[in-house]
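Notes for the one structure printed next.
First the proteins, then the strands, lettered A, B, ... as listed; each starts at 1. Please read all numbers here as calculations on a predicted model, not as lab measurements.
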Amino acid sequence: MSTSKVTSDLLRGNTDTMILRLLAESDRYGYEIVKLIAERSQGEYELKEATMYSSVRRLEADGDITWYWGDESQGGRRKYFRITEKGRATYARNKSNWEYAKRVLDTLL
Amino acid sequence: MNDRLNEYMDGLFAPYEGTKSITELKADLLADLQERYRELRAEGKDDATAFEQTIDSIGDIEETVQEMSNLSRALERQVVTRFDSSDLKGSDFAGVTARGAKFGTSALRGADFSNADLTGGRFKSSDLGEANFDGANLTDAVMTTAELAGSTFRRTRLVRTDFSMSGLDKVRFADAVLTDVAFRKTDLRHTSFERCTFTGVDFTYSDLRGLTFDGAAFTGVKFDRAGLEGVSMRGAILRDCSFRGGWSNKYYKALRTVNFDGARMDKLTYAALKSFDVAPPNVIVE
């Protein structure tokens, strides 16, 4: 990762929204979330497991996501996370807040 | 290999063991790490490299644990105090501390709240028939529109407790000091108050007909527009009490039936009664 502290904090600050975005597409399990974030950012952003679970637990507590056990035949059971209606609304709000902040920053920086 | 990952995780979580939420986090994390390790090995990475990269993907666990314990403490607090609309018939809450507990619209018939700290508790519209509140602390508790028939309040701490519009049939208050307690619009005809003192208690619009308050002490108590026919206050002590009936002749007529024999009252209370043409005989005005 070649990102500076500031850039990494900015990215980390949007972890909740990144996870909501991934779950808005489909139910996913923990490792799948960190893997997809690494893939989609082409390795530019590596979401740590600890950061991801902080986010997931917070989203759970806020009622933005829920979880259920998948029924994998081989290996251990996977815990799948699913977005709630409230979570979809949170995602839409966060996304539009970001669009707004980006527009303002573009005029100022 | 799983052993080595397990061992590493045991070491990592050793300082935090004990709570359910942390055990769950550890299990979730381990599942992810095992999958990552398998994938890295499948990509051809050697054992040491795969392990190193797997461990590296964890990040700052201490921060996560800290955040989570704050979160779960907040959740536990909610769990402890929210009993709204619950069916808790005959439950044992003896001696518990449940300040600000929410028991609204709950079925709590026969529940045992003896010696419990229920400060600020909310029992609005709950069924508390036959419940036991002996020795409990009900400071600032709200019992409005609750059904309390047959429940007992012996040595109960009652400060600003609100019983307004609740069902108090055959309820027993004994050896209690009632301070700023509200009994507005309640039917108290079959309620008993034994060895109780009343300070700032509000009986406005309540039905006290036939009640016996012999020897009780009343300070700043409101009997406004209450049903007072046949009330016995023999030997009671009344200070700064208010008997206002508005324009209701019925109220004053009933007030004349109150037995104040041997009662002691301050000049203000006596003057108030006299101004309504109620001049109780055999009272000591001090």
Flag if over 12 foreign heavy atoms under 6.0 Å of OH, Tyr205(B): no
In residues 84-109 of chain A, which residues are in contact with chain B at a heavy-atom separation under 4.5 Å? none
Kindly compute the distance separating CZ (Arg57(A)) from CG (Leu25(B)), expressed to the nearest 0.5 Å. 5.5 Å
Given that the side chain runs from C-beta out, which part of Gln34(B) has a heavy atom under 4.5 Å from chain A: side chain, backbone, both or neither? neither
Quick one: side chains of residues 48-61 of chain B, donor-acceptor pairs under 3.5 Å with protein atoms, not counting sequence neighbours, listed by atom name and distance.
from: Thr49(B); atom 1: OG1; to: Asp46(B); atom 2: OD1; distance (Å): 3.1
from: Thr49(B); atom 1: OG1; to: Asp46(B); atom 2: OD2; distance (Å): 3.0
from: Thr54(B); atom 1: OG1; to: Ala50(B); atom 2: O; distance (Å): 2.7
from: Ser57(B); atom 1: OG; to: Arg36(B); atom 2: NE; distance (Å): 3.3
from: Ser57(B); atom 1: OG; to: Thr54(B); atom 2: O; distance (Å): 2.7
from: Asp60(B); atom 1: OD1; to: Glu62(B); atom 2: N; distance (Å): 3.2
from: Asp60(B); atom 1: OD1; to: Glu63(B); atom 2: N; distance (Å): 3.4

Among residues 33-41 of chain A, those lying within the under-4.5 Å heavy-atom range of chain B are Val34(A), Lys35(A)
Which residues, numbered in order, of residues 20-31 of chain A come under 4.5 angstrom of chain B by heavy-atom distance? Tyr29(A), Gly30(A), Tyr31(A)
Taken to the nearest 0.5 Å, the spacing of Asp28(B) CG from Tyr53(A) OH works out to 4.5 Å
Are there more than 12 heavy atoms of other residues, nucleotides or ligands under 6.0 Å from atom NZ of Lys45(B)? yes
Is it true that atom NZ of Lys79(A) has more than 12 heavy atoms of other residues, nucleotides or ligands lying nearer than 6.0 Å? yes
Nearest non-hydrogen partners of Thr64(B) and Thr51(A), listed with the distance: OG1-N, 4.2 Å
